[in-house]
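Note sheet for the following structure.
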There are 2 protein chains.
Amino acid sequence: MGAQPSDTAPHKNPTLADVAAAAGVSIATASKALSNRYDVAETTKVRVLEAAEELSFSPNLLARGLLGGRTQSVGIITSDLEGRFSLPIMMGAEGAMAADRSTVLLSNSRGNPELELQHAKALLSRRVDGLLLVGDTPEPRPPLRLQTVVPVVYVYAPSQDPADTSFVCDNAASAKLATERLIGAGRRAIVHLGGPAQSLAAIDRAEGTRLAAAAAGLELIGGAPAMGDWHETWGWSSVHRLLDEANEFDALVCGNDQIARGAMDALEARGLRVPGDVALIGFDNWSVLCADVRRPFSSVDLNLDGLGRAAIQTLITPGAPVAGIHKLSGLIVDRGSIE
Amino acid sequence: MGAQPSDTAPHKNPTLADVAAAAGVSIATASKALSNRYDVAETTKVRVLEAAEELSFSPNLLARGLLGGRTQSVGIITSDLEGRFSLPIMMGAEGAMAADRSTVLLSNSRGNPELELQHAKALLSRRVDGLLLVGDTPEPRPPLRLQTVVPVVYVYAPSQDPADTSFVCDNAASAKLATERLIGAGRRAIVHLGGPAQSLAAIDRAEGTRLAAAAAGLELIGGAPAMGDWHETWGWSSVHRLLDEANEFDALVCGNDQIARGAMDALEARGLRVPGDVALIGFDNWSVLCADVRRPFSSVDLNLDGLGRAAIQTLITPGAPVAGIHKLSGLIVDRGSIE
DNA sequence: CTGAAAGCGCTTACAG
DNA sequence: CTGAAAGCGCTTACAG
């Protein structure tokens, strides 16, 4: 009795003081033994470690964070309800963080700038070391209207302010890559079935296709990319139209996998073989459409996971992030629909 | 000079002391004015509020959390890489949290129990008020091997320990609902195209279908649910087989939307109309398969968002959560493929 | 190698 | 209505 370790109250986390008492050392020494960054006698260190283990000691990171240093956490605000694009980005980011023993604080702004601002403030109140703003379209967005002492990085949707740091997909370069691949496989009569003419992603992908064709001295069938919408039906009806109008074509670059899927179905319905008669490539590499299906097809993977990782790297690396828009190119996942 | 508000260092968050100094009051009074929970003179309150606004004061929640109360945050550990099921659950959870001015700390265990444990400890070190463990299959899982002072709730994959609290989808009840709907629409010759015979989700969905049919005095075509896998090809080939073997059927209950999609395609290929000749319903309500397509079809929505909300409610409600497995039923989203 | 003390930024009894 | 003081759980110079 007397100098005994105090009985910890039933539902309370043990503190460093409890560990120190159990090990018969001062709090300072216990702290040093645990941190492994100061000279502590080996036997003392062992005693402290055992005591900590015994008590299931879990250091209070709030206290540590309060000491002024970094909290080893970043806040991610996603604007995407569907998660179609943001999920892989988030997972990449989380993976990069976890490898660093850091944590992600997640919020969903639901595309609402007011809510985004509110969440940003809340995350900053928790003293995150940085903020990742994940958009759901490639259109540049207004910057966060908030002074922050920690860095902010925009992902997928870049900030309109060139002084900010943004990471985005290079849709044009990726489409070029896909088209070059088709041309490399001997295709000459290429059609681009694009998304909506107002969508920047659709425009960039169409332009990338056109540029790659032009570089090979080719003009797209129809004279220009055919812009429509993002749905299967557009791919389906476009192929029927092309065939009905007796267009000759041997390759289809589709603006996304849904269009590609519609096109695949139409080609099958008309008795054409892929890639025998027509080569085809989609965009987004969404497995439910291009991999996990009756007739898999090749697709451009935008490497969203890598985008998230890259953004986090930049965010948690000490020093101000490099300003400007960083574009990351995708890569082709081949499933035999090209050649 | 002298009693002037100190010039805040360039890259540092203002503290309550800064606000108090700017407003010419003590820290205690500034705190009370901001918290709005104590008697403070109206004019004083206004001065403090203005000072806080002026300095863009953002209270340090780490400090507040350190005072021993709750941190207004929960940790979510998801085991699902794909996010197919966990994303809607997470979004539901996040929504329920945000409405409460709380924050989500997110980790991904990638289905690895060791990593899960590690992440749980890390989150607990950040003193979250509770832990949500989101699985990716309905199979019961071993409980987290960790003593926690805060509540733990399992979602989607229940804990094997009945003393734990779990929230899961009621696959059987949902399949019953779907089948009853078909029967209500006058269908009598029902086929169930199920997932893998080893999958609990597939088994429950099949059993729910069988029970609903039996309750109406019907036996499933083929005598029992047909179990296969989760892919389109299985739906596609099953329908061809049924027709080749001259089975008579007027309704298809599919174990998921991919099977349903394959079945839809086969029915079309064989010249049958939906729902004219055959009614069809899928499972999961995955819009890329059942809504956003050439021929939309009805599907069971498992209300994963609601599952996430319910779990969070339980988690953040003071008092120990009710032990046991709470089952939530889905609902039918009709797109005209039933009648 | 060890420990007493100050301090991170707040909140909350407790006096006045 | 206001403020001085203690304290939440840690870390880090600073003495010894």
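Below, read A as the first sequence line, B as the second, and so on, with proteins coming before strands; counting in each chain starts at 1. What you see below is based on every heavy atom in this structure, not just the backbone, and it leaves out hydrogens, waters and symmetry mates.
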Problem - Step-by-step side-chain hydrogen bond (donor to acceptor under 3.5 Å, both in side chains) determination, B:Arg126 to B:Ser73 - result: CA-CA 9 Å; B:Arg126 291 179 194 275; B:Ser73 66; over 6 Å; no
Practice task
Determine, step by step, whether A:Ser109 and A:Ser79 satisfy the side-chain hydrogen bond (donor to acceptor under 3.5 Å, both in side chains) criterion, reporting the C-alpha distance in whole Å, the side-chain angles of both residues, the deciding distance to 0.1 Å, and the verdict.
Solution key: CA-CA 5 Å; A:Ser109 70; A:Ser79 67; 4.9 Å; no
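The ring-ring contact (aromatic ring centres under 6.0 Å, His included) analysis of residues 107-137 of chain B, with sequence neighbours excluded, yields no pairs. Residue pairs meeting the side chain to side chain donor-acceptor pair (under 3.5 Å) criterion with at least one member in residues 155-165 of chain B, sequence neighbours excluded, are B:Ser159-B:Asp164. Applying the side chain to side chain donor-acceptor pair (under 3.5 Å) definition to pairs two or more places apart or across chains, those involving residues 35-49 of chain A are A:Asn36-A:Lys45.
Residue A:Ile27 is in base contact, counting any heavy-atom pair closer than 4.0 Å across all strands shown. B:Asn60 comes within 4.0 angstrom of the backbone, heavy atoms only, and of no base. Among the protein residues, B:Ala41 comes within range of the sugar-phosphate backbone only, with heavy atoms under 4.0 Å from sugar or phosphate atoms but none that close to a base. Using a 4.0 Å heavy-atom distance criterion, B:Leu61 is classed as making no nucleic acid contact.
Around atom CD of A:Glu139, more than 12 heavy atoms belonging to other residues, nucleotides or ligands sit under 6.0 Å away.
Formation of a donor-acceptor pair under 3.5 Å by the A:Thr317 side chain with backbone atoms of A:Gln313 is found in this model.
Side-chain atoms of A:Asp129 and A:Thr71 include a donor-acceptor pair closer than 3.5 Å.
DNA chain D is contacted by both B:Val40 and B:Ala63; B:Val40 maps to the nucleotide lying nearer its 5′ end (nearest heavy atom per residue).
Each of B:Lys121, B:Arg110, B:Arg141 was checked for a salt bridge (charged side-chain N to carboxylate O under 4.0 Å, His left out) with B:Glu116, and the lone residue meeting it is B:Arg141.
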Exercise for the section: Would you write the dot-bracket representation of DNA chain C, where each base gets (, ), [, ], | or . depending on whether it forms a Watson-Crick or G-U pair under 3.5 Å and with which partner? Expected result: |||.||||||||.|||
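The stretch residues 42-52 of chain B touches DNA chain D through B:Thr44, each having a heavy atom under 4.0 angstrom from the strand.
In this structure, B:Leu16 and B:Ser31 have side chains that are in contact, with non-hydrogen atoms separated by less than 4.5 Å. Inter-residue side-chain proximity for B:Leu106 and B:Thr78 is flagged as met; some heavy-atom pair is nearer than 4.5 Å.
Along DNA chain D, the stretch of nucleotides lying under 4.0 Å from any heavy atom of chain A spans, 5' to 3', D:dG9 to D:dA13.
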